[in-house]
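Just so it is clear: chains get the letters A, B, ... in the order the sequence lines come, proteins before strands, and each one is counted from 1.
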Amino acid sequence: MAHERYNAPEREKHWQDVWTQKDIFRAREDGSRPKRYQLEMFPYPSGNIHMGHVRNYTLGDVMARYMRAKGFNVLHPMGWDAFGLPAENAALERKVHPAKWTYENIATMRRQLKSMGLSIDWSREFATCDPSYYRHQQKLFIDMFKAGLVYRKGAKVNWDPVEHTVLANEQVIEGRGWRSGALVEQRELEQWFFRITALSEELLAALETFDKWPDYVVTQQINWIGRSEGLLVRWALDAATAPQGLGEVEVYTTRPDTLFGASFVAVSPDHPLAKAAAAGDARLAAFCEECRRSGTSAAELETAEKKGFDTGIRAVHPLDPAWTVPVYVANFVLMDYGTGAIFGCPAHDQRDLDFVRKYGLPVIPVVLPPDTDAASFAIGATAYDGDGTMINSRFLDGLTPKAAFDEVARRLEASTLAAAPVAARKTNYRLRDWLISRQRYWGCPIPFIHCDSCGAVPVPDDDLPVKLPEDVTFDQPGNPLERHPTWKHVNCPSCGAKARRETDTMDTFADSSWYIVRYTAPEAATPVDSAAAGYWLPVDQYIGGKEHAILHLLYARFFTRAMKITGHLRIDEPFSSVFTQGIVIHETYKAADGRMLMPIEVQITTGPDGVTRVATEIATGNPVTIGPVEKMSKSKKNVVDPDDIITHYGADTIRWFIVSDSPPDRDVQWTESGVEAAGRLVQRVWRLVNEAIDKGAEKGAAMPAGFGPEAEALRRTAHKTLANVGRNIEQLRHNVAVAQIYELANALAGTLGKSDEGMPWALREATEIMVQCLGPIMPHLGEECWARLGYNTLLTEHPWPTPDAALLVDDTITIAVQVNGKRRDELKIARTASRQEIETAALGLEAVVRAIEGRAIKKVIVVPQRIVNVVV
RNA sequence: GCGGACGUGGUGGAACCGGUAGACACACAGGACUUAAAAUCCUGAGAUGGCAACAUCGUGCGGGUUCGACUCCCGCCGUCCGCACCA
């Protein structure tokens with residue numbers, strides 16, 4: 001019987017309408033079922049969805065649909081990370097208001113996401129730029145301020161004098177603003193900070209329990225927090241050389257064991273000691289100024305020379321009052337780490353060694369590497385930072401560095417300088433407080449009012465939200481909020497005097513740090529509905545790009561803890577499990593005249609050798625060079641528009657292809673032939689299902705008493721596929737699940753023409769299993785087949801079947817037989833066969849006898865159900 | 001420099017806890033159907049030698065452990081990513 005082709009675009013629309021009408025993806029709290037909060041990182045509404053979105057949301061949707069079928073009460077929401085700079089740039093370039101631009105993009109992208117057939121609860125959708133969202137963020141901000149987790153302080157920023165704005169480090173290119181080209185100034189501005197460092201230790205400690213996070217993410221977060229154990233050591237300054245009023249300098253060190261190898265002390269150009277010394281020394285002042293001016297970009301730092309300036313001041317060694325070392329101002333000492341001052345031990349620190357070689361200071365080795373002769377040990381061009389035995393260190397000699405560390409700490413803690421202990425143990429962190437002030441319009445207004453007498457006063461609850469004014473223009477540089485005629489002029493909520501509204505807005509990372517919580521009750525009058533949050537949180541699985549492995553995840557972790565401290569939440573961590581997906585890559589194409597071409601402008605054929613791929617430009621017929629496979633990007637032009645694929649092939653095809661072939665955590669290469677294969681599979685499944693229905697048993701027919709071998713084999717394949725597909729989806733190995741569904745489809749196709757006892761029943765069973773297995777990945781086709789199979793219920797609402805355990809293990813198995821580790825034959829034998837039976841059968845195999853060549857058998861290793869190895 | 005990941009046919013990848021390497025898919029070749037094409041279906045295929053049976057080699061390179069290594073250990077090489085003067 002001939003069957004119509006499956007009309008994907010038409011049927012997909014139909015099933016999406018059915019799902020919407022029945023409202024089946026709406027999530028409700030239900031204590032009778034286990035909950036599952038499945039979340040993918042919400043998109044920035046930049047204009048259109050791209051393949052990265054398709055991959056992200058497909059991976060999550062397959063999981064959400066599978067978990068739903070497994071009986072979980074699933075929350076799977078979607079929203080918009082809608083504040084941000086691109087909207088302001090669009091306003092600048094196209095004279096369109098950021099809100100209009102943003103909401104138009106949201107409308108487009110919502111339509112595109114819906115065309116993918118995602119099982120999203122759209123009733124919970126929100127955009128972070130909506131006052132109904134950010135008013136609660138303002139409330140959280142004020143509560144965090146009251147809890148001491150928000151504060152203001154002066155901070156150095158990159159100031160663009162033309163744009164009148166602060167620039168991120170990435171926006172400073174060779175010392176100039178990326179947009180204006182103006183020389184960037186370092187300005188000290190009062191800025192708002194989150195006190196994330198207050199939680200350094202607990203943010204670090206909890207990482208140890210993250211067994212369902214990628215290891216690399218945990219490692220990167222550990223490094224980012226950067227805990228180190230050290231000692232604060234106060235060095236007295238030689239009074240004869242020190243500036244007036246300065247008696248000491250405090251350094252931070254993780255290697256107090258190497259103190260007897262010290263040859264200098266160095267301070268940052270911004271250190272008070274440097275400033276005091278520069279006050280009386282014009283050349284030093286000029287040196288400090290030069291250090292401040294030099295770039296802070298990674299590239300510049302890498303090549304920057306280690307430079308120092310001898311202040312003439314001498315510092316007294318804390319373990320020997322008779323020993324002094326010079327104090328330098330050095331460009332490589334950072335003011336905002338430790339104390340902004342260090343002591344240098346060149347023998348055991350490469351950077352110190354480089355510095356000392358330049359300025360001719362002594363190098364004293366104090367750690368002797370193992371199995372090295374003390375008399376001949378010397379430091380050349382390379383510092384030694386390994387373990388060993390202390391030497392040249394008086395009372396430390398012979399100790400390990402670790403023991404020496406403790407001994408120095410003990411002695412210095414006990415001795416005093418100016419009536420206080422010389423040293424104290426100190427744990428330091430690389431993590432800095434989170435600067436969130438942005439001198440921008442399109443962000444969440446910071447809800448504070450500056451009053452000359454009361455200081456920074458929070459906006460009262462009743463006055464929230466502080467809404468962005470809509471009547472702003474972008475025709476001049478700077479922050480529109482600053483120059484708005486009325487917005488910032490308000491009265492102090494505390495004393496009533498004339499005051500000034502804060503015009504900074506928040507870093508958009510703040511918006512995305514708690515949206516996961518808001519999804520649990522997006523309409524709640526308070527930031528959090530504790531019943532809803534208590535039911536749904538934490539997120540059971542979070543899926544998104546690797547680029548957010550550090551900051552976004554860390555900030556969301558911080559917010560969760562801060563919301564607990566301020567009484568909004570009762571959990572510590574937002575994500576039980578995190579998964580980071582790879583990117584979508586594609587070949588690049590270059591025409592002879594150097595133009596990059598898009599994939600749709602290029603036709604690929606196979607060359608005369610049958611292997612080489614040949615590309616031609618469709619419009620001109622000219623040859624095209626196939627370039628490297630790279631991340632899809634507009635500049636490389638190697639982008640494929642998801643809309644085109646969905647229109648042409650349908651959503652199921654794009655979903656199937658994007659999870660095929662490559663493991664989800666690796667990059668996936670988009671190929672035209674791969675999409676065609678996915679499109680073919682859609683039609684093939686439809687044909688197979690129809691043919692199987694023609695030849696199969698009626699829906700609900702009684703299971704026959706027995707099955708012939710062909711029917712039995714099909715049943716085994718079907719049940720194994722069912723078990724494997726479920727397991728692989730749970731482990732986010734979608735590509736393997738896809739391969740297994742192919743295997744079942746192949747088995748079904750191979751069995752269709754065969755007649756065997758019980759075959760009609762087995763055909764229907766295998767077909768239903770295949771449809772259910774592909775349902776989470778190709779939900780529309782799944783529904784269509786399900787209806788064709790005679791069901792008037794939805795596949796989406798049908799429980800995931802339990803495989804028959806008896807069919808998952810074979811009675812007869814095939815095991816390999818090796819001779820001296822080389823496979824020589826295979827053996828079909830009962831699964832329950834004893835070692836002796838297996839050995840006898842294996843030794844009787846003709847190929848095995850031949851391979852033994854009459855040699856004496858030393859031993860036979862038999863691993864039942866696995867392998868036999870004959871050793872001769 | 002520090003940290004992390006990866007390396008398997010022409011291609012993407014599979015291989016559970018150390019047990020038949022190459023599942024599945026792409027590309028390719030041959031065949032069926034067709035006047036023909038498209039679509040579809042079937043078959044083949046790691047490399048080398050051989051008509052074949054079969055043999056040898058084979059998971060980046062070099063060692064090691066083991067009856068047996070893509071898998072574990074040691075040392076290299078290469079690619080990619082993150083951080084980067086952190087005392």
Exercise. For the side chain of Arg432(A) and the base of rC86(B), is some donor closer than 3.5 Å to an acceptor across the two?
Worked result: yes
Problem set entry | Opposite nucleotide pairing with rC72(B), Watson-Crick or G-U, both atom distances under 3.5 Å | rG64(B)
For this session: Would you please say whether a donor-acceptor pair under 3.5 Å links the side chains of Gln581(A) and Arg666(A)?
Result: no
For this session: Using the P atoms only, state how far rG75(B) lies from rA5(B), rounded to an integer number of Å.
Result: 15 Å
For this session: For the pair Glu743(A) and Lys720(A), find out whether any cationic side-chain nitrogen is under 4.0 Å from an anionic carboxylate oxygen.
Result: no
For this session: Could you tell me the separation between the CG atom of Leu688(A) and the P atom of rA39(B), rounded to a whole number of Å?
Result: 18 Å
For this session: Classify the nucleic acid contact of Val333(A) as base, sugar-phosphate or nothing, counting any heavy atom under 4.0 Å across all strands shown.
Result: base
Exercise. Among rA25(B), rC26(B), rA87(B), which nucleotide sits nearest the side chain of Tyr252(A)?
Worked result: rA87(B)
For this session: Kindly say if Arg351(A) contacts the phosphate of rC86(B), meaning a side-chain N or O under 4.0 Å from OP1 or OP2.
Result: yes
Exercise. Reckon Asn735(A) has a side-chain N or O less than 4.0 Å from the OP1 or OP2 of rA14(B)?
Worked result: yes
Problem set entry | Nearest non-hydrogen partners of Ile729(A) and Ala737(A), listed with the distance | CG1-CB, 4.3 Å
Problem set entry | rA87(B) phosphate, OP1 or OP2, under 4.0 Å from Ser228(A) side-chain N/O | yes
For this session: Among the candidates rA87(B), rA25(B), rG4(B), find the nucleotide nearest to the side-chain atoms of Asp661(A).
Result: rA25(B)
Exercise. What is the pairing partner of rA27(B), taking Watson-Crick or G-U wobble pairs with both distances under 3.5 Å in any strand?
Worked result: none
Exercise. Quick one: do the Tyr589(A) and Thr616(A) side chains pair a donor with an acceptor below 3.5 Å?
Worked result: no
For this session: Check the distance between rA25(B)'s C1' and Phe657(A)'s CZ and give it to me in whole angstrom.
Result: 10 Å
Exercise. Relative to each other, are the rings of His348(A) and Tyr384(A) parallel, tilted or perpendicular (30° and 60° limits)?
Worked result: perpendicular
Listed pairs, N/O of protein and of nucleotides 44-55 of chain B, under 3.5 Å:
from    : atom 1 : to        : atom 2 : distance (Å)
rA55(B) : OP1    : Arg824(A) : NH1    : 3.3

Exercise. In whole angstroms, how far is the P atom of rG68(B) from the NZ atom of Lys822(A)?
Worked result: 12 Å
For this session: Mark yes or no for a side-chain to base donor-acceptor pair under 3.5 Å between Lys858(A) and rC67(B), with no hydrogen or angle criteria applied.
Result: no
Exercise. Hey, does the side chain of Arg613(A) come within less than 4.0 Å of rC28(B)'s phosphate (OP1/OP2), counting only N and O?
Worked result: no
For this session: Measure from CD1 on Ile838(A) to P on rG19(B) and round the result to the nearest Å.
Result: 17 Å
Exercise. Taking any strand in view, what nucleotide pairs with rC51(B) in a Watson-Crick or G-U wobble way, both distances under 3.5 Å?
Worked result: none
Problem set entry | Nearest-Å distance for atom pair CD1/C1', residues Ile867(A) and rC17(B) | 15 Å
Problem set entry | Short N-O contact, Glu229(A) and Lys426(A), less than 4.0 angstrom | no
Exercise. Is a salt bridge present between Arg850(A) and Glu846(A), judged by a nitrogen-to-oxygen distance below 4.0 Å?
Worked result: yes
Exercise. Does rC80(B) adopt a syn or an anti glycosidic conformation, taking syn as a chi angle within 90° of 0?
Worked result: anti
Exercise. In the strands shown, is rA39(B) matched to any nucleotide by a Watson-Crick or G-U wobble pair with both distances under 3.5 Å, and which?
Worked result: none
For this session: Decide ring pair (Phe, Tyr, Trp, His ring centres under 6.0 Å) for Phe657(A) and Tyr649(A); before the verdict, give the C-alpha distance in whole Å, the side-chain angles of both, and the deciding distance to 0.1 Å.
Result: CA-CA 11 Å; Phe657(A) 175 70; Tyr649(A) 293 95; 9.8 Å; no
For this session: May I ask you to verify if any side-chain N or O of Arg733(A) is less than 4.0 angstrom from the OP1 or OP2 atom of rA14(B)?
Result: no
Exercise. rU20(B), rC67(B), rA87(B): which one has an atom nearest the side-chain heavy atoms of Glu826(A)?
Worked result: rU20(B)
For this session: Check the chi torsion on rG9(B) and let me know: syn if it falls within 90° of 0, anti if not.
Result: syn
Seminar exercise, completed: Walking RNA chain B from its 5' end, the first of Gln818(A) and Asp215(A) to be reached, judged by nearest nucleotide, is Asp215(A)
Exercise. Minimum heavy-atom separation for Ile196(A) to Tyr555(A), with atom names?
Worked result: CD1-CD2, 4.1 Å
For this session: Quickly work out the Tyr742(A) OH to rG12(B) C1' distance and round it to whole Å.
Result: 12 Å
Problem set entry | P gap between rG60(B) and rA55(B), integer Å | 25 Å
Exercise. In the structure shown, which nucleotide is the Watson-Crick or G-U wobble counterpart of rA5(B), with both distances under 3.5 Å?
Worked result: rU79(B)
Exercise. Are Asn869(A) and Arg823(A) close enough that a side-chain donor and a side-chain acceptor fall under 3.5 Å?
Worked result: no
Exercise. So which one's nearest nucleotide on RNA chain B is more toward 5', Ser662(A) or Gln683(A)?
Worked result: Ser662(A)
Problem set entry | Nearest listed nucleotide, side chain of Ile342(A), among rU20(B), rG13(B), rA87(B) | rA87(B)
For this session: Among the candidates rC24(B), rC26(B), rC86(B), find the nucleotide nearest to the side-chain atoms of Leu334(A).
Result: rC86(B)
Problem set entry | Nearest-neighbour nucleotide for the Thr606(A) side chain, rA25(B), rC28(B), rG7(B) considered | rC28(B)
For this session: Can you tell me, in whole Å, how much space there is between the P of rG18(B) and that of rC26(B)?
Result: 32 Å
Exercise. In the strands shown, is rG46(B) matched to any nucleotide by a Watson-Crick or G-U wobble pair with both distances under 3.5 Å, and which?
Worked result: rC57(B)
Problem set entry | C1' gap between rC81(B) and rG19(B), integer Å | 35 Å
Exercise. Do the side-chain N or O atoms of Lys828(A) get closer than 4.0 angstrom to the phosphate oxygens (OP1, OP2) of rU20(B)?
Worked result: no
Problem set entry | Whole-angstrom distance between rU59(B) and rA39(B), as gauged at atom P | 38 Å
Exercise. Are Tyr337(A) and rA87(B) close enough that a side-chain N or O sits under 4.0 Å from OP1 or OP2?
Worked result: yes
Exercise. What nucleotide, of rC67(B), rU40(B), rA14(B), holds the atom closest to the side chain of Arg687(A)?
Worked result: rU40(B)
Problem set entry | Length of the line joining Leu732(A):CG and rC16(B):P, which is rounded to integer Å | 18 Å
Problem set entry | rU34(B) versus rA53(B) - spacing of their C1' atoms, nearest Å | 39 Å
Exercise. Knowing that exactly one of Lys636(A), Gln669(A), Arg613(A) qualifies, which makes a side chain to side chain donor-acceptor pair (under 3.5 Å) with Glu587(A)?
Worked result: Arg613(A)
Problem set entry | Short N-O contact, Asp810(A) and Lys828(A), less than 4.0 angstrom | no
Problem set entry | Which atom of Gln350(A) lies closest to which atom of Ala381(A), heavy atoms considered | NE2-O, 3.1 Å
Problem set entry | Letter per nucleotide, 5' to 3', of nucleotides 75-83 of chain B [B base touched, S only sugar-phosphate touched, - untouched; heavy atoms, 4.0 Å] | -------SS
Problem set entry | Parallel, tilted or perpendicular: rings of Phe355(A) and Phe264(A) (30°, 60°) | tilted
For this session: Determine the interatomic distance between P on rA69(B) and the same-named atom on rG63(B); round to the nearest Å.
Result: 14 Å
For this session: Taking atom P in both rC33(B) and rA27(B), compute the distance separating them and give it to the nearest angstrom.
Result: 24 Å
For this session: Can you figure out which of rA25(B), rC41(B), rA27(B) approaches the side chain of Ser673(A) most closely?
Result: rA27(B)
